[in-house]
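Structure, as structure tokens:
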Amino acid sequence: MSQDTGIVRPIVADRTDLEDLYVRHMPGAVRVAALVTGDADLAQDIAQDAFLRSVGRFRHLRQPEAFEAYLRRAVVNACTSHFRRRTVEAAYLRGQARGAASVDEPNHGRRDELRMALSALPARQRAAVVLRYYADLSEQQAGEALGCSAAAVRSMVARAMETLRERIPRSEDT
């Protein structure tokens, strides 16, 4: 980003370079969003929006080194908002098309089975599992990203894992 756009650059010019923030933090934000949403394209959009919102608030951060946690929290919040909107839309569409049959997606192995079971979890439980086991955050860090206590993260992860174990029984070959 060699030229000054005049919009975003003055916000971060005195703390760090915007391009550096983007290169360092976007891949992780996209990965977290992809695992929470289960859709790579949607994850890219959510991560981009969360990054832009976070950069807009950068100068208000008391600790600039906390940008990664701030961005992660923004990504999780954006994913939660997306699922909330999607739930409302789905309820509306069900009301519009009473009696229409849904089409099940084919099962392509354990990975797809896990992805489907994960996507069926409530958004906060799914986010807790992704932050704990994929992003490898501590319970405290995951709690900060989700806006809850470490104990709440433990509870959400435990409930999510119990649900996943019920939906995906262990096979003899795994």
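Since the model is a prediction, treat every value here as computed from it, not as a measurement.
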So how far is it from [X] [atom1] to [Y] [atom2], rounded to the nearest 0.5 Å?
{"X": "Thr80", "Y": "Arg85", "atom1": "OG1", "atom2": "CZ", "result": "10.5 Å"}
{"X": "Arg126", "Y": "Thr163", "atom1": "CZ", "atom2": "OG1", "result": "12.0 Å"}
{"X": "Leu131", "Y": "Arg73", "atom1": "CG", "atom2": "CZ", "result": "10.5 Å"}
{"X": "Leu42", "Y": "Cys79", "atom1": "CG", "atom2": "SG", "result": "7.0 Å"}
{"X": "Thr37", "Y": "Leu118", "atom1": "OG1", "atom2": "CG", "result": "10.0 Å"}

Taking all heavy atoms of [X] and all of [Y], pick out the closest pair and write down the distance.
{"X": "Ala47", "Y": "Val75", "value": "CA-CG2, 4.4 Å"}
{"X": "Met156", "Y": "Cys148", "value": "CE-SG, 3.6 Å"}
{"X": "Leu71", "Y": "Ala29", "value": "CD2-CB, 3.9 Å"}
{"X": "Ala142", "Y": "Leu137", "value": "N-CB, 4.1 Å"}
{"X": "Phe83", "Y": "Ala123", "value": "CD1-CB, 4.0 Å"}
{"X": "Ile168", "Y": "Leu114", "value": "CD1-CA, 3.5 Å"}

With a 4.5 Å heavy-atom cut-off, do [X] and [Y] have their side chains touching?
{"X": "Val153", "Y": "Arg132", "answer": "yes"}
{"X": "Gln48", "Y": "Met26", "answer": "yes"}
{"X": "Tyr134", "Y": "Val129", "answer": "no"}

With a 3.5 Å distance limit and no angle check, can you tell me whether [X] reaches the backbone of [Y] through a side-chain donor-acceptor pair?
{"X": "Arg124", "Y": "Leu146", "answer": "yes"}
{"X": "Arg72", "Y": "Ala145", "answer": "no"}
{"X": "Gln125", "Y": "Pro122", "answer": "no"}

List for me each residue that meets side chain to side chain donor-acceptor pair (under 3.5 Å) alongside Ser155, sequence neighbours excluded, and say none if there are none. Arg159
Under the side chain to side chain donor-acceptor pair (under 3.5 Å) rule, collect the residues that match up with Gln44, sequence neighbours excluded. none
Just by distance, no angles: are the side chains of Glu144 and Tyr70 close enough, under 3.5 Å, to form a donor-acceptor pair? no
Is the gap between the ring centers of Phe67 and His25 under 6.0 Å?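 Ring centres of His25 and Phe67 closer than 6.0 Å.
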Val23 with Val32, same ILVMFWY side-chain cluster at under 4.5 Å: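 Result: no, two separate clusters.
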